[in-house]
Amino acid sequence: MSTREWLLSEQPASRRQARLGQGYRTWLAFRGNWLAMVGLGIVLALIVIAALADVLAPYNPVTGGDLNTQRLLPPLSPGHLLGTDDLARDILSRLIHGTRLTLMVVALVALIATPIGLLVGTTAGYFGGWVDTVLMRLTDIVLAFPRLILALAFVAALGPGIENAIIAIAITSWPPYARLARAETLTIRNSDFIAATRLQGASSLRIIWKHIVPLCMSSVIIRVTLDMAGIILTAAGVGFLGLGAQPPQPEWGAMIAGGRRFLLDQWWVATMPGLAIFVVSLGFNLLGDGLRDVLDPKGRK
Amino acid sequence: MANKTNRGRRGALWLKRTGRLVLTVLATFLGLLIVTFMIGRIVPVDPVLAVVGDRAPQSVYDRVFLELGLDKPLWEQFWIWLKKVLAGDFGTSFLTKKPIIDDIARVFPATLELATVAIVIGTLAGIPMGVWAAVRQGRLVDQVVRVLGLVGYSAPIFWLGLLGLLVFYAKLGWVAGPGRIDIAYEYAFTPKTGLYLWDTATQGAWDAFGNALSHIILPATLLGYFSMAYISRMTRSFMLAELGQEYITTARVKGVPEWRIIWLQALRNAAVPLVTVIALSYAGLLEGSVLTETVFAWPGLGQYLTNSLQNADMNAVLGGTLVIGAIFVGLNLLSDLLYSMLDARVRRTS
């Protein structure tokens, strides 16, 4: 029996086989969607480039070359594939190192916002009553602000910098996850298996953490993946306004702002980082769409 | 008799529902105020330093500490602040030395004009595209609309703005550059409403009108593109839902021309949820305008907010945030109300 047959078996012999088989079927469905595969490819490439930035980047991203001869070189110049900026720094190397900042922002925002959203949503949904009212009102209030503007106000108060930008974006990102987790919790809360667990004397904390959170996870993860492009664009916007990563960090949004002064004569300085943001956001959007089609067919509309 | 009690009961139900809506809105506005207050007073480690900077002498520091009322308990500080804000007093801007409410009133028409032209462009382009994509589901048009939408969701708006300036202004010279109007035309009319297109047209200053139009067309198309992406996608899914209904089949069987079925019958029913979508994207334009106005040197609320942010003018930032938040909540409420009104009419006729 081949591995494939073992995975696709109609009568799995063990729980592990059933789980692996389920995963394999999901993967087969996902693989059939070529746009989603392109998205996955872009995201994987982003991760690999970020990990190997030191090896891949031909130049140092922060210190530039000779200011007299190597400033603002156009793309395809010898040694500088994408040209150089006003401080004679190689744009390709800066973009390569910028992947780390982009990945860091996305990962940290997801790591901060997802648990907050899950905690608020499951608690509100499980307990109901006034707890639900208070928590959901709080969620609606944060949702009432346009996201970028609330994030900007937070950064203004906390002070510019990439760490504060991450905190601000995370603070404004959790409400949709809370709503989603609450909706899922409401459908699970009254099931028999929850009642059975409660009869066995499990505490509320244990029921929420061990039985409700795992069931909310898949829809929340899809939502987070779909939001990642939005997170990248918000972070780039904050960086563009000079409130995110500070120079000389190679953050893509800040690089566009830096290249703005030379836009009319040296178009590549501002254009290249924007292209990088576009490709990466597109990758996350395609991946998120594909994941949703595979894992959550009812939310397709 | 039975009819009367029925009407009375429906009236009571309507009152109850409206009452709940008003309460929700009041709670949301209060929350908006609390969040804004917190950002101003609690988030900075030392709000006095945020005002005076870290090189101010101790005497100035002490005076500002008392002026801000930081010796009072927090709820009292909030109460004092709340009374001022509700009276329209957001404090004075450090940058312009003017009351913030006056600054906002001065810059707001620019944003209103930009957002309105943008939503008109977005709606006029988005609805036909969505309808077309739904009719030709899975065909080339549908794919094109999908790709246009994906680009809209993935490209940074400020980057597209810079590219637009580069291509259409610098290289091709089709449109005027940054700003609202050329200096040469600035005194050709009196900005009564602050909406330049309206002012110039009503005063017959057609040269100035043409110049203002040439300035607004690029940023408005760009903003409109982002709302178009959303509006066309929603139109497509609403239309698909309508086209699958039985009354469409009935109309086809009766021999009603296909264009009538699509544009008059199906679209009219899809229009109900579309109204809320348009109201929501109008609110979303406020967010987009912050970045767009910066790129196009458009002297509106977005640029005012950005300037204040970059100069750490906290009062102005909070004033702008509060105004934008309030408009956002207002538009959300409006879209809810519109939906329930239109929906009720639909329910009664069916």
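Below, each value reflects all heavy atoms present in this structure, side chains not excepted, and no hydrogens, waters or symmetry copies. Residue numbers begin at 1 in each chain, while the letters A, B, ... track the order of the sequences. Just so you know, these numbers come straight off a predicted model, no measurement behind them.
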[atom2] on [Y] to [atom1] on [X], rounded to 0.5 Å:
X: B/Leu166; Y: A/Leu263; atom1: CG; atom2: CG; answer: 5.0 Å
X: B/Arg146; Y: A/Asp289; atom1: CZ; atom2: CG; answer: 5.5 Å
X: B/Ile39; Y: A/Phe154; atom1: CD1; atom2: CZ; answer: 4.5 Å

Residue selection (most heavy-atom pairs with chain B, distance under 4.5 Å) from [options]:
options: A/Gly259, A/Ala236, A/Ala229; result: A/Ala236
options: A/Gly230, A/Pro160, A/Ser281; result: A/Ser281
options: A/Leu150, A/Leu148, A/Val155; result: A/Leu148
options: A/Gly274, A/Gly237, A/Ala153; result: A/Gly274
options: A/Val280, A/Leu286, A/Asn285; result: A/Asn285

- Message: Below 4.5 Å, heavy-atom pairs only: which of B/Leu318, B/Leu305, B/Val151, B/Leu163 has the largest tally toward chain A?
- Response: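 Among B/Leu318, B/Leu305, B/Val151, B/Leu163, the one with the most close pairs to chain A is B/Val151.
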- Task: For each of B/Val329, B/Leu32, B/Val290, tally heavy-atom pairs with chain A at distances under 4.5 Å, and name the one with the top tally.
- Result: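 Highest number of heavy-atom pairs under 4.5 Å: B/Leu32.
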Atom group of [X] that falls short of 4.5 Å from chain A, counting heavy atoms:
X: B/Leu160; result: neither
X: B/Phe158; result: side chain
X: B/Thr28; result: both
X: B/Thr24; result: both

Given side chains that start at C-beta, do those of [X] and [Y] come closer than 4.5 Å, heavy atoms only?
X: B/Thr294; Y: A/Arg260; result: yes
X: A/Val142; Y: B/Val35; result: no
X: A/Thr271; Y: B/Trp159; result: yes
X: B/Tyr153; Y: A/Leu282; result: no

Closest non-hydrogen atom pair, [X] against [Y]:
X: B/Ser154; Y: A/Leu233; value: O-CD2, 3.6 Å
X: B/Val317; Y: A/Ala156; value: CG1-CB, 4.4 Å
X: B/Gly325; Y: A/Pro146; value: CA-CD, 4.3 Å
X: B/Leu309; Y: A/Leu152; value: CD2-O, 3.5 Å
X: A/Ala270; Y: B/Leu162; value: CB-CD1, 4.5 Å
X: A/Ile149; Y: B/Leu286; value: CD1-O, 4.2 Å

- Without swapping roles, check the side chain of B/Gln310 against the backbone of A/Gly242 for a donor-acceptor pair under 3.5 Å.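 No.
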- For A/Leu264, is it the side chain, the backbone, both, or neither that has a heavy atom closer than 4.5 Å to a heavy atom of chain B?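 It is both, since atoms from each part get that close.
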- Message: Heavy-atom cut-off 4.5 Å, strictly under: side chain, backbone, both or neither for A/Leu143 against chain B?
- Response: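 Backbone only.
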- Kindly write out the residues that satisfy ring pair (Phe, Tyr, Trp, His ring centres under 6.0 Å) with B/Phe296, not counting sequence neighbours, or none if the list is empty.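 With neighbours one apart ignored, the set is empty.
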- Task: Taking heavy atoms only and a threshold strictly under 4.5 Å, list by residue number the residues of residues 169-179 of chain B that touch chain A; give 'none' if the list is empty.
- Result: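 Within residues 169-179 of chain B, the residues that come under 4.5 Å of chain A (heavy atoms only) are B/Ala170, B/Lys171.
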- Message: Please evaluate residues B/Ile34 and A/Ile141 with respect to the criterion side chain to side chain contact (heavy atoms under 4.5 Å, CB included), reporting the C-alpha separation (whole Å), side-chain torsions for both, the decisive distance (0.1 Å), and the verdict.
- Response: CA-CA 10 Å; B/Ile34 293 175; A/Ile141 287 164; over 6 Å; no
